[in-house]
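Accompanying notes for the structure given below.
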Amino acid sequence: MAAPLVGMSGVSKSYGGVHAVRDVDFTVEPGEVHALLGENGAGKSTLMKVLCGEVGGYRGDIRIDGEPVRFTGPADAQRAGVAMIHQELDLVPALSVAENVFLGREPKTPVGTVDRRRMVREAKALLERTGVELDVRRPVEQLRTGEQQLVTIAKALSLDARVLVMDEPTSALSAPEVERLFAVIAELRRADVGIVYISHRMEEIGRVADRATVLRNGSVVAEFDARELTAAQASEAMVGRPVHLMFQAEAPDQPAGEELLELKDFRLAAARPRPGRRDPAGIDLTVRAGEIVGLGGLLGAGRTELLETLYGVGTKAPWRGRVTLRGKPIHPRGPRQALRLGITFLPEDRRVAGLALDHSVLANSVLSIVDRLARFGVVPRRAERAAAQRTVERLGVKLARLSSPVGSLSGGNQQKVVLGRNLLAEPSLLLLDEPTRGVDVGAKAEIYRLLGEIAAQGVGVLLASSELAELVGVCDRVVVLRGGASVRELNTSQVGEADLLAAAMGEGPMITELAEGSAT
Amino acid sequence: MSEPATKAGDAAAFGLERRRGADLLEVVFKFQSLFGLVLVVIAAIVFSPTKNGSLLFIDPDNLFNVVRSISEIGILAVGMTLVILIGGIDLSVGSVLGLASVGAAVLLVENDLGVFLAVLIVLAIGLVFGLLQGVASAKFGIQAFIVTLAGMQIARGLARIWSGGQGVSITYGDGPGQAPVAFSLLGERTFNGVVPIPALVFAVVAGLAIVLLRVSAFSRHIYAIGGNEKAARLSGVPVTRVKVLVFGICGLLAALAGIVHAGQLNFGGPNDGAMYELDAIAAVVIGGTSLMGGRGTVVGTVAGALLVGVLRNILALNNVDSNIQLLVIGLVIVLAAGLQRLRPASAGS
Amino acid sequence: MSEPATKAGDAAAFGLERRRGADLLEVVFKFQSLFGLVLVVIAAIVFSPTKNGSLLFIDPDNLFNVVRSISEIGILAVGMTLVILIGGIDLSVGSVLGLASVGAAVLLVENDLGVFLAVLIVLAIGLVFGLLQGVASAKFGIQAFIVTLAGMQIARGLARIWSGGQGVSITYGDGPGQAPVAFSLLGERTFNGVVPIPALVFAVVAGLAIVLLRVSAFSRHIYAIGGNEKAARLSGVPVTRVKVLVFGICGLLAALAGIVHAGQLNFGGPNDGAMYELDAIAAVVIGGTSLMGGRGTVVGTVAGALLVGVLRNILALNNVDSNIQLLVIGLVIVLAAGLQRLRPASAGS
Amino acid sequence: ALLAVTACGTTSENSQPGGQQPGAAPECNKDGKFTIGMSQANKAEPYRERMDDDIAKAAAAVPQFTVNFADAQQDNSKQVEQVENFLTQQIDLLIISPNEATPLTAVVKKAYDQKIPVLVLDRKVDGDAYTSFIGADNVDIGRQAGQYVAEALLPSGGKLMEIRGLAGSTPAKERSEGFKQGIQGKNIEVVASGDGDWLRDKGQQQADALLKANPDVSVIYSHNDPMAEGAYIAAQNAGRTGVKIVGIDGLPIESGGLKAVEAGRLAATFLYPTGGKEAIDAAKKILLECQQVPKQQVLQTERVTKDNAAQVYARLNQG
Ligand SMILES: Nc1ncnc2c1ncn2[C@@H]1O[C@H](COP(=O)(O)OP(=O)(O)OP(=O)(O)O)[C@@H](O)[C@H]1O
Ligand SMILES: Nc1ncnc2c1ncn2[C@@H]1O[C@H](COP(=O)(O)OP(=O)(O)OP(=O)(O)O)[C@@H](O)[C@H]1O
Ligand SMILES: [Mg+2]
Ligand SMILES: [Mg+2]
């Protein structure tokens, strides 16, 4: 039998005392999609970074086509046909989409200058393959997170790699883009490319993967035929016990509480729209105390902008329409005002907007409340530690100790730290933007449980998400946005994912009446 | 329900087991700015010239002289540490020192104000100057480098205009045109004539700053802003206010250094303090504070300032040619900064 | 499946439609560093003193003089732009300029080398000096600020040692101890005695840099490193090599500026170029380049340098007191930098 | 040969009471070994570099002497620190050229009180806690420059401009004041002035713009020779070859003012002697010969024009 395309055997990698990967054997065959599963911090990214030459100093060996290799850097691996789509969207903000796609491999004209026309043309073609039509001359910083993710995918495709690692490629994508990506994967598979697919969206695994390997604490604990794998099985293998996935949606029979947040035809009167931004343009919604309301929509529907605006960090423009909190009109002009009103916000991109990665878990988790903890400006250390410790335990953050830099935690655990900071501020209205992006099933379940718990305590939650299952499973009601305006309101106890998707895409049966009927 | 808690507990236990070794290493690296200092001090003792069989370097008089000689830079560097922690920089401190020294001299000598009032006014000037720079930088978003580069020129111009184009000498006495004798204390030594007052002022300033950065909510905000300003803002840190205040404190300390300067030299020199900003920044960076912000300590800064002071002292005591001194100090600064890099990388590659 | 594509198409069309208006605005802001310059030029014309009924400022002779007077700072600033684009800074350029001016003078006068050889050697020295700093900063990860702060001292020390302390005068002729007359060209004007050679050198350097940054892959790498170093590294950009090279270029240009300096003044001054680094940085930042790296243009830098030059010229033409000049220049720099901020914010608040 | 050097003249004011003088300097002794500390305000100015050189050269002829040099880089504080270091080293004699007078007074007094003889060069300290002052008079040299301009360059009046030293520094102020006295009542107008910070390139920049704004200027007075050279280049660039330029310092080095006068770039310069040689002479008297030295030695300045430039240059460099 021929040697596999990729053969990793006995690979181990540790950081200081942390064994990120221990003695892992892993293979990829040509034309195969091999899913790599595991909890946050299980070592998936690390294992793949080892494969792609990004992380050195590992033990064990790697063979490509049976030939032993030891890459000296990502460029070296790329030359050997091994490429990776990174979990963190590592793009250069000020450069254009085309420049990003071809960074480090710019096409040259005969005189040695960059062939810009070719670059633009080819970048455009690549992006079309992934299903977006973007002006590839636009700087990447003006793109939405989802669009950026598609750019990184296009960039990886441009490498024409034989082995392509996709580390959570869909975490910021909504359903149509995911479908499109699956089509691309099918195409690649036909071209005999070996693909490693990492995702925390369990329902995707069965659809794309042929094989699945599960890591726990850095070691392989199981291997499955993915085509027959159910989400429940996969989750159980990852966590080591059955996960009663989330949505025990025992519809909160408790009477919905008082009206907390109410928006009536809310819109921004921006002097000039910013390209790519979708500011609120006619939104009606209500969040009651004790209720979890979802915000659905496609890429660029304007969910993020709505949440940012409500938190006082959106586009600076006059508000139109009515925004009331407990019946009183509000207009926070910054986070501090919003916090004073009892509103907290969990941003979509934790690395950019959520955490000081170099700083300790302790410092990051109590930041919102140090003012409140302080007596005469002095923060009692014990109170600070206690608060952080409480949060870490409540959310089950997996960490070495409170003084570890938060950047050394896995993505999911980082997310929990941000959520923990929000909860410490004891909000009455919690704005969450993709709170489970990159979070593993186990942690998701915990976060959902927590959300349920908080809601039960009378907090209102407004949750934007691209994961249909999450919206349907967790929320009481979902408001669907399109083009910055609310177009539908659905009651999740009566409709499913398909209806939601249809509403978001602007097709399908008109079910507004139904939703409205149940809401009022 | 109990499961996750146990998991966290496990992790903590696991962490604890690992902790001892890692801790020692971390302590070593935490204090590496001090190690640089210790190394230089050892070198200084080894290379110290002797006179009548005793080492000149460790003569207490000499040691206090070293501390006195860095006290002004040290005071500037404490303020600079705060500014750099929020990811800023303040190039104006040297000129503000000059402005303050002129101010103190003019107010005491020409305007015949009392020491208390004169000092108060000068400190207020430094504070306001710093606050204005802070507003320009934090509120209007102009890069701190450029704001304070302009501030450096402006303060220098003001100092020259105020002084009337020439340094102002301070003489002491009760007559008109004489400064109160109390002010001359800044040039004296206390504790039986051993400890120079400027060194004492520096020690107090540094001590206060160290405590402030340890315990205050304000310091948490400072570090957070330097670590990730956007995250800090979203977490409810009053970013603009903290930044403005930090620049204000830096200006205030620069004015304090200027007062010490005037008191030590009995002179308000409009051109004094030139290039002090670079010395102060060097002390901060040698002390292990990152120019990117968010990381560093005042302890390190004090060590950095002492390191440079000791280095200069031992080179001078050995009569090293001044040009060679430039070379040696330059190289040692790079080496000291290189030492910082041995710190185990925290995250990323 | 076709639906989303269409929708995306719609969005794009919508975007395009909006674009025209936005484009104009964007162009305006793209060239706002030029606007600052235009404003200052207008002010200069308005405030220009007249002599015999004609405006002194717009006299071609005077205009070329302005360009000549900023040519050294301008050359430094071009190199500085590259360094700042990669997120670095180079404080050593002023001292390297001094070192190069000494080098040129000594090689021409004392060692009797030909112009070509002397210039080549001096440029090589600048290049190597820059490369070494680049290695210390990029390879050993020591902060550029501190490396070049040390480099500044070291180059200054070397310049003084090489020159033997005193400046070296350059006299022209064929005899021993005299420099070839060709070198004196740097002090001359060409095109019928209108265009000063240093201005020409500056124009060529700036022109090359502008073209380089437009068309080369190297420039994409520079912007990428400044914008997101990790992303650049992951994309296979040879980060270390590019950084080292950029510091090398900056050193090379500093040496070139030093040669121009020596040629203009017929003098190699070991203490010359002090504080030029700050002027160069100011030109870069006024020109809209971010000190955080990754954003900026050489066109902006040229405009920034010209802005400061015009400002100085008009103040001097009006015989403004030098202290007031300091104040005015400081304020205008802040205002010019403030103008940059009107640029529509890119993301977040 | 040593005496010949002082041909520029030394007036000794012997009227000092001398009571304060440490006449019995620490065990003066013909065969002793002595360390002299020389604290220089800065080495960035050619004039001061030359002062150090003069001292080094003169001391090299005295085998009993070792001289330690320190460079305060124009920083009063640093200079205080360096004198303190000298005291730690227990030097036998201090030569100091202060950056500014008042700031250095205290530490000089400290040395003097420790019975270390102190020779102050170029710029005095306050009070009289020093052994001897050796230097020229900046007001006087400015006055002489003014008189020269009035007599030789603009006998029937005219307009001139002034390139000044660093704003806020004492010599800049004094050279300016003296000059005004020199041209007083002579129908000469200073129509423009700029600060050249003592530097050649700054001098050029300032002169560039000022010449443009004041085309009727026919003389430039510069506070030192390097700025005068810069002004010369500016005048050449502006095609104003007729402008006469007067400098100060007259350093007898290749790049100094004497050569510039000799080559015709400057109309005149005024010798501002460094006093380095005189300082070592005084040190010999105190340390080796157990003699007293006068409290004040005001070094005479000398007008240098094309006529005598070569001769003065030769004289100052012999020996
Ligand atoms: N640079 C680093 N320094 C220290 N520890 C690290 C570093 N990178 C990863 N780790 C640790 O290695 C372990 C594995 O991390 P890794 O990122 O591979 O997890 P993952 O499986 O990709 O998780 P996620 O699903 O959250 O992305 C974690 O415990 C993490 O804290
Ligand atoms: N042109 C732009 N300039 C600056 N920021 C932009 C621009 N376009 C988008 N953004 C930012 O992108 C974010 C919205 O992108 P995001 O990834 O959240 O979109 P999405 O989740 O697909 O859609 P939604 O708007 O429905 O959340 C916002 O934070 C917005 O500030
Ligand atoms: Mg991962
Ligand atoms: Mg979003």
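Every chain is numbered from 1 and lettered A, B, ... according to where its sequence line falls, protein lines coming before strand lines.
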Item checked: Among A:Val111, A:Thr109, A:Asn100, A:Thr113, residue most engaged with chain C (heavy-atom pairs, under 4.5 Å) -> A:Thr113
Margin query: At a 4.5 Å cut-off on heavy atoms, which part of A:Leu91 comes close to chain C: side chain, backbone, both, or neither?
Written below: backbone
Item checked: Closest-packed option against chain A by number of heavy-atom pairs under 4.5 Å, given C:Leu234, C:Val237, C:Val211, C:Ile225 -> C:Leu234
Notebook entry, point to check: Between A:His86 and C:Lys230, is any pair of side-chain heavy atoms under 4.5 Å apart?
Noted result: no
Notebook entry, point to check: Heavy-atom count around A:Arg116 CZ within 6.0 Å, excluding the residue itself: above 12?
Noted result: no
Next item on the list: Of all the heavy-atom pairs spanning A:Leu95 and C:Tyr223, show the shortest one and how long it is.
Entry: CD2-CB, 3.7 Å
Next item on the list: First locate atom CG of A:Leu103, then atom CZ of C:Arg233, and finally report the distance between them rounded to the nearest 0.5 Å.
Entry: 12.5 Å
Margin query: If you compare all heavy atoms of A:Asp90 against all heavy atoms of C:Asn228, which two are closest, and at what distance to 0.1 Å?
Written below: OD1-ND2, 3.8 Å
Margin query: To check you understand the geometry: which heavy-atom pair defines the closest contact between C:Ala217 and A:Val114, and what is its length?
Written below: N-CG2, 3.3 Å
Item checked: Donor-acceptor contact present, side-chain A:Glu106 to main-chain C:Phe218, <3.5 Å -> no
Check: Highest number of heavy-atom pairs under 4.5 Å with chain A: which of C:Ala224, C:Pro238, C:Gly236?
Finding: C:Ala224
Checklist line | Rounded distance [0.5 Å steps], CZ in C:Arg220 versus CE in A:Met119 | finding: 5.0 Å
Next item on the list: Report the option among A:Ala75, A:Gly112, A:Gly104, A:Ala83 that has the most heavy-atom pairs separated by less than 4.5 Å from atoms of chain C.
Entry: A:Gly104
Check: Given a strict heavy-atom distance threshold of 4.5 Å, which part of A:Arg79 is in contact with chain C: side chain, backbone, both, or neither?
Finding: neither
Checklist line | Minimal non-hydrogen separation, A:Pro93 against C:Gly227, with atom names | finding: CD-O, 3.8 Å
